[in-house]
Structures are given as C-alpha cells and as structure tokens.
Amino acid sequence: MNEDLPAVALEVWRVDAVVLFDWLQGVDLNAVPISHPAQKQALMDLLPSLEETDVAEVTREEIDVAKAEVRRDMGC
C-alpha cells in the first residue's frame, strides 16, 4: 500500500474477520466479478492487514465455528 495515502481503522467482529481471511486465502480473485480493477486490488490489500492480526493463526475448527456464527447472523 502507498504510505502517502491516508489510512482508515476498521472495526469488525472477529468471526467476520476469520471468515473473510479464510475466503481471501483461497479465492481466485481473477474469478470474482468486479466492475473496476481497483476493487480487486482493494481485496488484495486487505489480506496483509488481516495477516497482521491473530486471525492468521486460526485452526480449521475455529474457521468452521466462525462460519456457523456468521451464517446464524444471516438468519440461516
């Protein structure tokens, strides 16, 4: 990321961060529909930020629990 650009601090639920991190680790961003190349880059820039948190060390079991919790929030 460009150090000259202003940064923003985001607060997300840990379970959302776990699910997002797991998805970003395995998704083919070339297959994700985008309307502008910057959208793909923004997703790619998000991964290193998540890697700097404790979500980078989660187990498969923790990922499954996080997915179930996020899904429950969806009413499923």
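Bear in mind the structure is a predicted one, so any value in this text is a computation, not a measurement.
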Check your understanding: When you look at Lys40 and Asp45, which way does the salt bridge (Lys or Arg N to Asp or Glu O under 4.0 Å) test go after all the steps?
Key -> CA-CA 9 Å; Lys40 178 180 169 184; Asp45 289 345; over 6 Å; no

Exercise for review: Look up atom CD in Glu69 and atom CG in Asp64, then write down how far apart they are to the nearest 0.5 Å.
Suggested key: 13.5 Å

Please say yes or no: joined through hydrophobic side-chain contacts below 4.5 Å, possibly via intermediate residues, are [X] and [Y] part of one cluster?
X     : Y     : answer
Val70 : Trp23 : no
Val65 : Leu20 : no
Val12 : Leu46 : no
Val32 : Met44 : yes
Val15 : Ile63 : no

Check your understanding: Any donor-acceptor pair under 3.5 Å linking the side chain of Glu62 with the backbone of Thr59?
Key -> yes

Check your understanding: Do the side chain of Gln39 and the main chain of Ser35 share a donor and acceptor less than 3.5 angstrom apart?
Key -> yes

**Study point:** Residues Arg14, Val58; criterion side-chain contact (heavy atoms from CB on, under 4.5 Å); working and verdict
**Key:** CA-CA 11 Å; Arg14 187 172 190 278; Val58 295; 3.6 Å; yes

Review point. Residues two or more places apart in sequence or in another chain: which of them pass salt bridge (Lys or Arg N to Asp or Glu O under 4.0 Å) with Glu51?
Key: none

Point to revise | Asp28: salt bridge (Lys or Arg N to Asp or Glu O under 4.0 Å) partners, not counting sequence neighbours | key: none

Practice item. Grab the two heavy atoms, one from Leu50 and one from Phe21, that are nearest each other, plus how far apart they are. Key: CB-CD1, 3.7 Å

Practice item. Provide the closest heavy-atom pair for Leu24 versus Leu43 in the form atom of the first, atom of the second, distance. Key: CD2-O, 3.9 Å

Point to revise | Pair Asp16 + Lys67: basic N to acidic O under 4.0 Å | key: no

Point to revise | Heavy atoms of other groups near Trp13 CH2, more than 12 under 6.0 Å | key: no

